[in-house]
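Inspection log for the structure reproduced underneath, given as structure tokens.
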Amino acid sequence: LDPQRQLVRKAGATVTPEAAVFRPDGALAYGGRIDDRFPEIGISRDQPRTTELRDALDAILAGKPVHAFVVSARLFVVHRHDKPAIAPAH
């Protein structure tokens, strides 16, 4: 896990759930939401309509470019000690 939030800072994560995938060289390959199951605060779907993280992982494993590099997640603010907390946009 990341108790010192080093990976959180490296990924630039601001809200959760938000995923970050790093390449073996440490470069950020994908940063953003997992899917659209939670499109807005307080709203959820039984099944997601989009699967950004799965699509990014499939592209990375196939050696293809990741098309949706950063897709904003919208749920809970990640409290980081190096930045003030900012509420997600509605």
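The basis for the numbers below is simple: all heavy atoms, side chains too, and nothing from hydrogens, waters or symmetry mates.
For Q6, the side-chain contact (heavy atoms from CB on, under 4.5 Å) partners at least two apart in sequence or on another chain are D2, Q4, R9. Looking at residues two or more places apart in sequence or on another chain, you find a side-chain hydrogen bond (donor to acceptor under 3.5 Å, both in side chains) between R45 and D36. For D55, the side-chain hydrogen bond (donor to acceptor under 3.5 Å, both in side chains) partners are T51, not counting sequence neighbours. Residues passing the side-chain contact (heavy atoms from CB on, under 4.5 Å) test with D35, sequence neighbours excluded: R37, P48, E52. Annotation: side-chain contact (heavy atoms from CB on, under 4.5 Å) contacts of D25 (sequence neighbours excluded): R23, A27.
The heavy-atom pair separating L28 from A11 by the smallest distance is CD2-O, 3.9 Å.
Side-chain contact check for T50 versus R33: some heavy-atom pair is nearer than 4.5 Å.
For the atom pair K10 NZ and F22 CZ, the distance stands at 5.5 Å (nearest 0.5 Å). Rounded to the nearest 0.5 angstrom, I60 CD1 and Y30 OH are separated by 9.5 Å.
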